[in-house]
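Labels below follow one simple rule: chain letters A, B, ... track the order of the sequence lines, proteins then strands, and each chain is numbered from 1.
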There are 2 protein chains.
Amino acid sequence: MTATTQPRQNGQEQLLTPGEVATLFRVDPKTVTRWATAGRIGSIRTPGGHRRFRESEVRALLAELTNDVNRSI
Amino acid sequence: MTATTQPRQNGQEQLLTPGEVATLFRVDPKTVTRWATAGRIGSIRTPGGHRRFRESEVRALLAELTNDVNRSI
DNA sequence: AGGAATTCGGGTAATTTGGGTT
DNA sequence: ACTGTCCAAATTACCCGAATTC
């Protein structure tokens, strides 16, 4: 499954917007901002002050906080 | 501008809040929490500690526990 | 250069959590 | 064993206007 989301740059880390992270966790984008402020998740700032998040970190966090029925962590 | 602002990279799972799951089963949200704690249903935690549930899993559980009248198998 | 959508900030409701109890 | 309710504390959701992104 080749991602057709964004133009891929060589070996660069994919960055996610607050809205995209919010969708993954089913929370409000502002909540993602609070996570960043609280240091629960790393963030990168655009020169204009908007936050971006590393996809790998977000997905790792999501996996870490997931409790499946058939699989005890 | 176009509809390609942020194309869905989401082959992702739709998540439900405890309150939404509680509504589906017509129980108290706390009861849903107990199901999660008992491992009866999978859950995903936000970094803040709130739970989210996979909609597909919830629906499947609903269907599995549903007893309909047997009208011509 | 203009426009739509998103994301800043802050502030204030609503929901969720966990424990203990019924 | 299972569920509903009470409580305080923590987390999250929605409101606004202004700035940023594309």
Examine the base of D/dA13 for any acceptor or donor lying under 3.5 Å from a partner atom in the side chain of A/R34, and report the outcome as yes or no. yes

Within the pair A/T31 and D/dT11, is there a side-chain N or O less than 4.0 Å away from OP1 or OP2? no

So, is A/W35 close to the D/dT11 phosphate, meaning a side-chain N or O under 4.0 Å from OP1 or OP2? no

Which listed nucleotide ([options]) is nearest to the side chain of [X]?
X	options	result
B/K30	C/dC8, C/dG18, D/dT12	C/dG18
A/D28	D/dA13, D/dG4, D/dT21	D/dA13
A/P18	C/dT7, C/dG11, C/dT16	C/dT7
A/T33	C/dG18, C/dG9, D/dT12	C/dG9

Upstream residue (5' side of DNA chain C) when A/F53 and B/G19 are each assigned their closest nucleotide: A/F53

Does a donor on one side chain and an acceptor on the other come within less than 3.5 Å for B/S56 and B/E13? yes

Just wondering, do [Y] and [X] contact through their side chains at under 4.5 Å, heavy atoms?
X	Y	result
A/T17	A/R51	no
B/T31	B/T33	no
B/L62	B/L24	yes

Which is true for B/R51 with a 4.0 Å heavy-atom rule: it touches a base, it touches only sugar-phosphate, or it touches nothing? sugar-phosphate

Whole-Å distance between C/dT17 C1' and B/H50 NE2? 6 Å

